[in-house]
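In listed order, ligands and their atoms are each counted from 1.
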Amino acid sequence: NAGSKSGRGALIVLEGLDRSGKSSQCARLLSYMEGQGCRAEGWRFPDRGTSVGQMISAYLANESQLDDRTVHLLFSANRWEKRALMESKLLGGTTRIVDRYSYSGVAFSAAKGLDIEWCKAPDVGFIAPDLVIYLDVQPEKAAERGGYGGERYEKIEFQKRVADRYHSLRDSTWKIVDGSLSMETVEEQLRELATNCIQESQEKPLTNLAW
Ligand code: TMP
Ligand code: MG
């Protein structure tokens, strides 16, 4: 029974292109965890509920224009707004399942041509995830999914560049899951990865993201 011991919660991040299935899978994983009696919460970035998040949301909806570096720093600030809360939740034993994190920040901005090291810098000092699950879906496949094209970055050519940048960010905490498989198959794989991660993380200290 994951989470029944007194250790800290795990930070589990889902990453992937737009329409890769992250949000649906986060919700499914969360309800599974809750059903297992595990203390878990969902989260997502950008958090559009804060004033910084509202600026980001307007930009994504093409209702405002912002300089590339400016918007990059807003996305990072939007994560900084939640860092202290995230740390206290994790230390208090709550697992967090997070839909996008610093990897999105770097992959999307670097895909515009910004220097990747410059993009990483403002996110130095965030909590390092215990597990990053990358839902791997071809940009063409993602574009066939419902609701595609509504926001600024939802264009196939751009998403291909994002996928390349994601690729260069992979490290040992990443697990690549084939997001083109059925919802149920993906869900099954995520349950196993998350359950193992929660058990293994309980006694590990939190560390900071080191790119
Ligand atoms: P969402 O669809 O998951 O709400 O994300 C909105 C868009 O913002 C998506 O195209 C990815 C992009 N994004 C960034 O460019 N930088 C970031 O730091 C994050 C979290 C998302
Ligand atoms: Mg989106």
Side-chain angles (χ1 to χ4, degrees), residues 11-30 42-83 85-86 96-129 132-169 174 179 209 211:
L11 176 55
I12 299 175
V13 170
L14 266 75
E15 285 283 3
L17 300 180
D18 286 294
R19 304 291 147 185
S20 55
K22 294 178 306 303
S23 305
S24 313
Q25 290 295 341
C26 277
R28 285 170 175 239
L29 183 57
L30 189 63
W43 199 256
R44 70 177 307 154
F45 291 113
D47 172 3
R48 302 184 191 222
T50 70
S51 49
V52 172
Q54 284 164 21
M55 291 176 70
I56 291 171
S57 195
Y59 171 80
L60 290 171
N62 292 306
E63 290 163 4
S64 70
Q65 306 305 323
L66 289 167
D67 164 75
D68 290 344
R69 288 180 180 80
T70 305
V71 78
H72 180 76
L73 295 174
L74 288 179
F75 274 113
S76 181
N78 186 237
R79 285 184 285 279
W80 278 111
E81 294 184 291
K82 299 295 176 207
R83 193 201 179 286
L85 177 63
M86 186 168 286
R96 287 211 135 187
I97 297 168
V98 182
D99 185 348
R100 297 193 184 281
Y101 200 51
S102 305
Y103 311 96
S104 284
V106 174
F108 280 77
S109 289
K112 296 173 172 177
L114 295 184
D115 177 71
I116 198 158
E117 297 307 320
W118 187 90
C119 291
K120 288 174 180 176
D123 277 37
V124 169
F126 281 123
I127 301 167
V132 179
I133 298 170
Y134 183 77
L135 290 186
D136 194 13
V137 173
Q138 292 302 309
E140 292 84 355
K141 285 282 165 212
E144 291 166 7
R145 294 182 172 176
Y148 192 87
E151 286 202 325
R152 187 181 283 265
Y153 298 141
E154 295 176 352
K155 300 190 181 78
I156 292 177
E157 287 311 312
F158 184 72
Q159 297 279 324
K160 284 182 182 167
R161 291 204 294 277
V162 174
D164 287 344
R165 301 309 185 281
Y166 265 130
H167 198 98
S168 68
L169 294 174
W174 285 51
L209 196 57
W211 294 102

Gln138 atom CD, neighbour heavy-atom count above 12 within 6.0 Å: no

Enclosure of Met86 CE (heavy-atom neighbours >12, cutoff 6.0 Å): yes

Starting from [atom], which protein heavy atom do you reach first, and at what distance in Å?
atom	value
atom 15 (O) of ligand 1	Phe108 CB, 3.1 Å
atom 4 (O) of ligand 1	Arg48 NH2, 2.9 Å
atom 21 (C) of ligand 1	Phe75 CE2, 3.5 Å
atom 5 (O) of ligand 1	Arg100 NE, 3.4 Å
atom 18 (O) of ligand 1	Arg79 NH1, 2.7 Å

Ligand 1 atoms in contact with Phe45 (distance to a heavy atom under 4.0 Å): 20 (C)

Under 3.5 Å, N or O to N or O, is [X] touching ligand 1 that way?
X	answer
Asp18	yes
Gly105	yes
Glu151	no

Parallel, tilted or perpendicular: rings of Tyr103 and Trp211 (30°, 60°): perpendicular

Phe108 and Tyr166 aromatic ring geometry - parallel, tilted or perpendicular at 30°/60° bounds: perpendicular

Test item, Arg44 contacting ligand 1 (heavy atom, 4.0 angstrom): yes

Side-chain heavy-atom pair His72, Pro122 within 4.5 angstrom cut-off: yes

Approximate separation, where rounding is to 0.5 Å, of [X] [atom1] and [Y] [atom2]:
X	Y	atom1	atom2	result
Gln159	Glu157	CD	CD	10.5 Å
Leu29	Ile97	CG	CD1	4.0 Å
Lys141	Asp136	NZ	CG	13.5 Å

Residue selection (non-hydrogen contact nearest atom 7 (C) of ligand 1) among Leu60, Val71, Asp47, Asn78: Leu60

